[in-house]
Each structure stands twice: as C-alpha cells, then as structure tokens.
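Data first, discussion second: the structure below is written as structure tokens.
Only this structure's heavy atoms are used, side chains among them; waters, hydrogens and symmetry mates stay out. The chains referred to below are lettered A, B, ... by the order of the sequence lines, with proteins before strands, and numbering in each begins at 1. What you see is a predicted model, and the numbers here were worked out from it, not measured in a lab.
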Amino acid sequence: METTNNITVLSSFIQAWTNEKNSPEIFPYETDLITEIRNHINTQQQIIDKNLEQIKEEETNNNDSQLMFLTNIMLMEVERLNYLLRSYLRMRLDKIEKYPVYILKNQQVRESLSKEEQQFLAGYFKLFEKHMKNSFLEKLPKPLQKIDDEEEGMVAKPDVNNYVACKINEDLGEVQFLEADTFNLTLKKDDSYIINYDHIKPFIQSNKVSLI
Amino acid sequence: MDKSGVQLVKELVETSYILPNYNTHLIEKVEQAVDKSKKELDLIIEEEDPKSPQISSALLYHHFAMRRNKRYLCVYHNERMNTLKRLRWQHGSTLPSEISENCSNNEQNYFKNYSQLLTGYMMNIELDLHGYFTPPTVNDLFIEVRVLTDIGDIYTNGERDIVNLKKGTTHFLKRVDVEQYIKNGQLEHITNN
C-alpha cells in the first residue's frame with residue numbers, strides 16, 4: 001500500500017511540475033504534494049545517512065557493496081527529487097516576478113499561491129514599484145505615473161495563445177472549440193494533441209487533460 | 001523628434017557588457033522630451049479648438065510620443081532589473097564591483113532588497129533554492145575535484161560533514177556542494193580524459 005501511495009504522490013508531483021513547466025500560467029500551489037515530497041526526501045536522507053554510517057563502521061564486507069549500491073540508488077532518487085522540488089518552486093517564483101500586477105489584481109490566482117509566495121509577491125511588487133518610481137516615474141507628468149495602467153498595456157499577462165503538447169486522460173467525446181471558426185474535435189483517452197493552450201485550459205484544471 | 005529613447009534601448013541591445021553604465025544623461029533627455037510634449041499638449045488644449053481634425057491629430061501625436069517615451073524608460077529599467085536578478089541567482093548576494101559601478105544608486109538598492117526578499121522567502125519555506133539548476137545524472141552525483149586555491153572548511157552533505165579544501169588536495173564530493181566553487185574557478189573538476 002505504501003509503495004502504491006508513493007508512486008501516486010511521485011507521479012502527481014511530476015505532473016504538477018510538468019504543468020508549471022509547459023504552461024504560461026501559474027497553477028494552484030500543491031500544498032499536500034509538496035509536504036509529502038519533502039517528508040519523503042527527509043526520510044530517505046535519514047536512511048541514506050544511517051547506511052553510510054554503517055558502511056563506514058564495518059570492515060570490508062561482502063554486504064558492503066550491496067548496501068552501497070542500494071544507498072547510491074536512494075541517493076540518486078533524493079537528488080532527483082531535490083531537483084524537481086527546487087525547479088518547481090523556482091518556476092513559480094519566475095512567473096510571480098513576470099506577472100506581479102496581473103496576479104495581484106486577480107484574486108483567484110493570488111489566493112492559489114502558497115502563503116510564502118503571496119508574501120514574496122507583495123514584497124516583490126513593492127520593490128518593483130519603488131524602483132520605477134524613484135528612477136523616473138516621479139519625474140513624468142501626473143497622468144503617466146501609473147505603473148499598472150491596463151490601458152497602456154503596462155500589465156503583463158500570461159500569453160495563453162501558445163501551443164502546448166497535451167494528452168487526453170479520459171474520453172471527452174466531441175468538444176467544440178472557438179477559433180477563427182468553430183471546430184470540433186473528438187477527444188479520446190490517450191490521444192495526444194498540440195493545441196492552443198487557451199482551448200484546453202479548463203480541462204487541465206479538472207485533470208481531464210495533462211500537459212506533456 | 002527626440003531620438004534619446006531609441007538610443008537608450010539600443011544601448012542595451014547592442015552592448016557586449018553584462019550591464020552597461022547607467023545612462024543618466026540619456027534618461028534625463030527622455031524625461032525632458034516627455035516634459036516638452038506635455039507642455040505643447042497643454043498649450044494646444046488651452047489655445048486651440050480640440051475638435052478640428054488638425055488639432056486633434058496634433059494632440060494624439062504628443063499623447064503617443066509621451067507614452068512611447070515612457071515605454072522606453074520602462075523597458076530600459078526593466079531589462080536592467082532582470083539582469084540584476086539573474087546576477088543574484090548566479091553570483092550570490094554581492095554584486096561584482098565592475099557591475100555595481102555601472103548601476104545607479106536605485107539599482108544598487110534594488111539588488112540589495114531583492115536579495116533580502118529572496119533570502120526571506122527561502123527562510124520562510126526552510127529550503128535553499130540555490131543549486132540543483134540542472135537535473136542530476138548518474139555521473140554527476142559525485143565528482144572528483146582538485147583544489148586550486150585555499151578555500152578552507154566547507155559543509156557537505158547538507159551540513160552533516162565538513163571538508164577542508166586546501167590548495168593542492170583532491171576530493172570526491174557531491175556535485176551540488178561544490179558547484180559554486182567550480183564556477184568561481186577555485187576548484188577544478190577532474191575528468192578522466
């Protein structure tokens with residue numbers, strides 16, 4: 001049971017990481033997944049340390065190479081998880097820095113960030129605004145002093161019109177999409193598509209379609 | 001028409017430096033151009049009938065000129081901020097002096113504050129986000145390094161062990177622990193070639 005659970009946690013986390021990597025938008029923070037992954041890393045690291053101690057203490061032993069081999073595999077796993085974890089968090093920070101005004105104005109997105117990320121966002125925007133103001137904004141005429149003027153196109157938004165590769169997770173039947181003209185696609189399980197992100201956005205959120 | 005704005009942005013594109021000197025002179029010229037447009041705009045509104053097509057096109061001209069100049073300034077500052085942020089991730093919380101020389105006071109403050117913001121976030125989540133910038137491979141896990149300059153004691157293995165990096169010694173260490181020293185040129189990665 002433990003093993004199956006671990007595999008599910010891992011594949012969910014990899015999917016979350018893939019989503020962040022391939023989508024211009026920022027997804028809701030996976031609090032439970034991250035906690036589990038971090039716990040798993042810590043547990044594994046403890047076992048690794050214990051093994052390394054044991055190997056150091058024992059004299060040249062037949063079992064040594066087996067234990068070392070096993071420990072190396074665990075080490076590899078821990079390093080991979082460490083990479084994924086940090087990559088995930090860094091990608092999100094990147095997006096927060098790219099679209100601070102957009103996220104601040106969009107309550108749903110903002111509230112789906114982790115508490116620490118929200119703090120970072122607030123601090124980052126303050127820093128950004130202060131720097132622009134002190135450097136030149138203050139010296140411009142009053143009507144130009146806004147930093148978040150949507151009319152002027154100053155608010156960067158994630159570009160949802162990029163194409164992404166995705167996989168269909170369940171039979172969705174015929175779905176209608178709106179583009180230059182409407183077109184229909186029959187989305188069957190295990191089909192893969194390269195499609196405009198905007199079109200499949202709602203399906204990703206309900207996990208019916210996954211980015212690959 | 002004032003070309004300072006274009007020059008300002010061009011400077012960033014054409015430079016071979018990581019960060020060219022903060023061009024206060026050009027920035028002031030752009031600000032002056034904006035000011036001039038504003039004054040002309042105000043003058044026109046005061047004296048002329050805004051409904052006539054000639055007048056309204058003159059108004060639009062100045063309006064767009066101002067906004068374009070503002071955009072130049074924004075792009076210039078934004079690009080430099082991005083460079084500074086990148087440097088923070090690559091170099092750590094102290095700017096190399098050649099670069100901070102080329103920064104305005106505001107930019108130096110920005111760098112310092114961004115650095116603090118990052119550190120604060122990492123402390124909040126109790127995780128150091130540095131290192132692990134590329135996916136690990138089997139050969140990458142542990143590497144052999146030779147010490148080129150004295151570094152002294154460093155933590156390895158997540159602060160569980162201490163290794164003394166003395167000039168001339170070689171060690172077999174976790175890549176993540178020594179990445180930064182290799183980048184700095186203080187350690188040499190020994191490959192079997």
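Interatomic distance, M123(B) CE to E116(A) CD, rounded to the nearest 0.5 Å: 12.5 Å. The CG atom of L73(B) sits 9.5 Å away from atom OG of S135(A), with the distance rounded to the nearest 0.5 Å. Here the CD1-CG distance, from I41(A) to L127(B), works out to 8.0 Å after rounding to the nearest 0.5 Å.
Neither the backbone nor the side chain of S37(B) comes within contact range of chain A, judged by heavy atoms closer than 4.5 Å. Looking at Y121(B), the atoms closer than 4.5 Å to chain A (heavy atoms on both sides) all sit in the side chain, from C-beta outward. Using a 4.5 Å cut-off between heavy atoms, E126(B) contacts chain A through both its backbone and its side chain. Both the backbone and the side chain of M66(B) come within contact range of chain A, judged by heavy atoms closer than 4.5 Å. Only the backbone of D128(B) comes within contact range of chain A, with at least one heavy atom under 4.5 Å from a heavy atom of that chain. E107(B) touches chain A through backbone and side chain together, each having a heavy atom under 4.5 Å away. Contact of N124(B) with chain A is made through backbone and side chain together, with heavy-atom distances under 4.5 Å.
When every heavy atom of F120(A) is checked against every heavy atom of Y114(B), the shortest pair comes out as CZ-CE1, 4.4 Å. A pairwise comparison of heavy atoms in K70(B) and F136(A) identifies O-CE1, 4.4 Å as the closest pair. A pairwise comparison of heavy atoms in R86(A) and L129(B) identifies CG-CD2, 3.8 Å as the closest pair. Summarising the geometry of P136(B) relative to Y83(A), their closest heavy-atom pair is CD-CB, 3.7 Å, with the distance given to 0.1 Å.
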Quiz: residues 18-28 of chain B side-chain donor-acceptor pairs under 3.5 angstrom, not counting sequence neighbours:
residue : atom : partner : partner atom : Å
Y22(B)  : OH   : H77(B)  : NE2          : 2.7
N23(B)  : OD1  : L26(B)  : N            : 3.1
N23(B)  : ND2  : E11(B)  : OE2          : 2.4

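K139(A) contributes no side-chain N or O that, together with a main-chain N or O of E31(B), makes up a donor-acceptor pair within less than 3.5 Å.
Within residues 121-134 of chain A, the residues approaching chain B closer than 4.5 Å by heavy atoms are, in numerical order, G123(A), Y124(A), L127(A), F128(A), K130(A), H131(A), M132(A), N134(A).
Surrounding CG of N161(A) are more than 12 heavy atoms belonging to other residues, nucleotides or ligands, all under 6.0 Å away.
Salt bridge status for E79(A) with K174(B): present, with a side-chain N to carboxylate O gap under 4.0 Å.
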